[in-house]
Structure formats: C-alpha cells, structure tokens
Protein chains: 2
Amino acid sequence: MTDSQDAVLWNSMRKLEKRFPLSTEDKAAVLGLPISVKNLEPGSYIVRDADIAQNCCVLLSGFAYRHKTVGDGARQILSIHIPGDMVDLHNAFLGIADHNVQMLTAGQVALIPAKAVQDVAYSYPAIGRAMLLETLVDGSIFREWIANVGRRDARSRVAHLLCEFAVRLQASGKSEARNYRLPMSQEQIADATGLTPVHVNRMIQSLRRDGLISTDKRSVTIDNWAELAAAGDFSTAYLHPELAEGEPR
Amino acid sequence: MTDSQDAVLWNSMRKLEKRFPLSTEDKAAVLGLPISVKNLEPGSYIVRDADIAQNCCVLLSGFAYRHKTVGDGARQILSIHIPGDMVDLHNAFLGIADHNVQMLTAGQVALIPAKAVQDVAYSYPAIGRAMLLETLVDGSIFREWIANVGRRDARSRVAHLLCEFAVRLQASGKSEARNYRLPMSQEQIADATGLTPVHVNRMIQSLRRDGLISTDKRSVTIDNWAELAAAGDFSTAYLHPELAEGEPR
DNA sequence: CGAACTTTTGACAAGCATCAACACGTGTGG
DNA sequence: CCACACGTGTTGATGCTTGTCAAAAGTTCG
C-alpha cells in the first residue's frame, strides 16, 4: 500500500469516526484492510443491478450516484455520493445488488474485498457500529427523498436537491457554503427528482429569476439561502448533523 | 416477563436470525433484554419526529407506518410495518427521530431501552450484524419506494404497493399469497404513493375492472398475480428474499 | 339510529410531460 | 483552422395525467 493510499483510507476512517470513536486497535484494523485503488472515468459502473458483490467500495475522489431503472425504461436516481462515502456497504453484506452505482465524474475508488469488510465489522464491534450508523444516516436520506419526490412540487424538489448538496459538500469540507460545483446535468437532476429535463430547466430558471440562485456552467451560487431553503422545504435534521464532529478541517 | 412476552420476543428473534445465525449466548442475550409490552390503539404514535429516543420498539402484533410531513402539510408515508419488524432501530442509534412512527391498527409493541439495544449490539457482534442486515434491507425497500413514487405512473404505484404487501405478508406467515387484509384506507394508500385519495380510488377501480384484483371491505384478493406484478413493475429482488430462511412455519 | 369516516362519482383546472426545434459550447478530425 | 458532430441547455405549442372541489352513497360503531 502506498502512502497516498494510506492517506485516503485515513480520510474515510475519519469520516467513520465522526459518528463513533474508534480505539487504536480498531483504527489499525481499518488501516490493515487490503485495498486496491482504481481510477474511473465518468459514467463507469461501480456496481450493476443484480451483480453478486465481490468488493466494497469507498469513494476517494469524484462523485457517484445510485440509480434504478423501472419497467418503461425510466431511470430514478436514488442518491448522490461525495468523496469519503462508502458507496456500497449494502452490497458487501446483502450479496446481491438491488441497484446500480455509477460514477458521475471521473474519480478514484478504493476496493475492499467484501469478505474483509464483513470480517472487520464482525471482529471489531466499534467498526461494525460505525458502519451501522453510516447505513442509518443513508436510510434517513432515502426517506427524505421519498418525501421529496412523493409530496413536493417541482420547484421545491429542485431547490431541496440544491440545498442538500450545499450542506453535504460544506460538511465534507469540499466546498464553500454558497458556491459549489454541481456535477449533474439537468437530465440527471430530472432523474433524481422524478421530473423531466425540460421541466427541471424551467424550475431552475424560476429559481434564478427570483434571485435565489445563479448558475455559471455547472457551478451553482446560492444568493439567498433562507429563501432557497424555504422554497425547498429544507431542514438539515435528516442529515443528522448532530452526529458530526465539530472538529475543524 | 410473562411467558407470552417471552414468546413474542422469540418470534422477533427468529426474524433476526433468518438473516444470520445466532449462537446460544447471542440468543440468551436477546431473551435477557428488559422489555415492556404495551397495547396501542390505532393511530397512536410510537415515535414522533424530532423526539429524543428512549426506547427501541419491536412490533409484536398489528401494523404500523412511518411518515413525514412536508412544508405545505402534506403527508408522505415512508414504509409499512408488519409484526416482527423492529420499527425504530434508527432511533435507538441515531438519537433524534427524523420521522414519525404511528400505529395503523391496534396492536402490541415491545419497548426496549435504547441503551440496552445498543449494548447488546455492541457486545454481541452477531446481533449487531443481524441488526445491520435488517437496516440494509429496510434501505433497499426505501430505494424501491423512491423509484415507485418518482418514476412510475399512478396505476403502477398502487399495483406495486399491493404486490409488496402480498409478498411481505406471505413471507411473514401472516397471510395467504392471494388474499390478505390491507389495513390501509385509500387516503393512506395515497400518502404512500404520492397521489390523492380520489385518484387512488380510480386506480383501484381500474385494477378491479381489468380483473387483476378484487376487494371486499379492506380485504384484497389478487385474481391475476402475473398481470398485477406486471402492472406494478414488481420484482421481489429488492426485498432480498435470498436472505430469508427456507424453514417452513 | 345517527355521527363520523371512507369510498365513489362528476365536472373542471392545473401542473407537468411530450414533442420538436433551436442555441450554445466543446472537442475532434479533416 | 474550420467544419462538424455531440451533448447540453433553452424555448414554445400542445395535451394528458393527476389534482381539486363538492356532493352523494356506503360503512362502521357507539
């Protein structure tokens, strides 16, 4: 394992640790995991629906997303992932993938054999517990997305997505609060919000016209956070910020 | 603890065990958990959004559902729970509830102090792991629901819900495959599918007219499973049946 | 037997989808 | 260096799915 690979593992471990303190042995166990780092192109698949999982994958850099395809061929994006996320813990434990995971941008992932992840979770309860918490927060985000596509109108859905991205990126230290690069096309935003690309375009224009955001290429600037959060009916509670450490980075 | 309480705990443990074998000590630890059994009326709350969790709750009998309220007051149902489900594992670990859990029908729940659940998960890795699996399957169902409300049309959404219920009830041994009691009003089905009650009514009529189902009060009979599953774009994969034991009951 | 809830029906409105065309930026190969 | 293809964003016209409102009919339960 090279030093840089070591560094990235440390990084994701810090993320695990945010949720629950790990002992020295726990940390050693994490660092001792056999990993292989892989560079991926935009659009390349990390996991395909119905795959039998061999590896568990930590996103080191770049963005990824999970999605499913329904009967008529329409695609639904289920979540967006930022560096540090364990993108398929479920696969390591459930065995058969129930959705796809694909790179949104170019990036690096660390692959860990599923068996090794299971063993470490089983032998080091604190690590297993950190993974459980990670999974529970994921679940909370899924629930919010059900409410988002189920019960909010188009403008709110888009605003909500923009708010979530802003908060998560800022919490991860990857970006400022009011300005970030959104690596999604409007078609992908449509698939995440259950809308059509055309209508997403109109909603973004509406948010721009009302002075809530401005955009330049794929970078988004939030000009009025309070109103954008109100438009998106957004609250951070479902991201469970109370579990994040206060430590500056 | 009375014998009958013992019996119900055994029951939910068998459910945990379906996903991962437990040793004798593990089982003893589960049976040793301090529980208090409570009878609940239809509509009574088990957990309220933003509550600080004191207890973790196993549904012993009756049905429950999770839901959230969005800005304009609309309600989104996030999942339905059947006897044996651990209805708020997330609360025991995350601390602050991010949604409501409410009884759909009258029923019994077993309350276990959150701290005790955490301790047992931490001290008995096999139990922690069973809980992780439970949580991961929950997550898979949430993802399917995102796709359901996000990308399927009204008729498919309703058909999908009916299919999921049939399969889960049958797997739990609570009901036959083709006929079950659906304890939800059409308004609740609407809140689960992101539709209005009026439109749910029309979709159910459409499914009846086409000979896929028939209803009598709140009991549903599936007259043509293949077509209903096709209409609902339903596949059991997301319920991860591969994790269920084959043991007859 | 009556009150409260749920299901059903109809007329109408609206939000979002669909389709098609155009504009714009980027990269690529001739 | 230009021409061109390609992906993405934008616009407009039109239509369908679903929502809204209101009232009637059926059901449940005290």
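Everything numeric here is computed off the predicted structure, so don't read it as measured data. Residue numbers start from 1 in every chain, and the chains themselves are labelled A, B, ... in the order their sequence lines are given, proteins ahead of strands. When reading the values below, keep in mind they use all heavy atoms of this one structure, side chains included, and skip hydrogens, waters and symmetry mates.
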Do [X] and [Y] sit within salt-bridge range, that is, some charged N less than 4.0 Å from a carboxylate O?
| X | Y | value |
| --- | --- | --- |
| A:Arg151 | B:Asp191 | yes |
| A:Asp210 | A:Arg155 | yes |
| A:Asp85 | A:Arg66 | no |

Which residues in residues 180-202 of chain A have at least one heavy atom lying under 4.0 Å from any atom of DNA chain C? A:Gly194, A:Leu195, A:Thr196, A:Val198, A:His199, A:Arg202
Do any side-chain nitrogens or oxygens of [X] fall under 4.0 Å of OP1 or OP2 in [N]?
| X | N | value |
| --- | --- | --- |
| B:Arg208 | C:dT8 | yes |
| A:Lys217 | C:dC24 | no |
| A:Gln205 | D:dG9 | no |

Under 3.5 Å side-chain donor-acceptor pair for B:Gln205 and B:Asn201: yes
For a quick check of understanding: with a heavy-atom distance under 4.0 Å over all strands, which category does A:Arg218 fall into, base, sugar-phosphate or nothing? sugar-phosphate
Shortest non-hydrogen pair, B:Pro83 vs B:Ser61, comes out as CG-CA, 3.9 Å
Find the distance [X]:[atom1] to [N]:[atom2] and express it as a whole number of Å.
| X | N | atom1 | atom2 | result |
| --- | --- | --- | --- | --- |
| B:Asp153 | C:dC16 | CG | C1' | 14 Å |
| B:Arg151 | C:dC16 | CZ | P | 13 Å |
| A:Arg209 | D:dG9 | CZ | P | 17 Å |

First encountered from the 5' end of DNA chain D, between A:Ile204 and B:Ala154: A:Ile204
Is there side-chain contact between B:Glu164 and B:Ile141, with at least one heavy-atom pair below 4.5 Å? yes
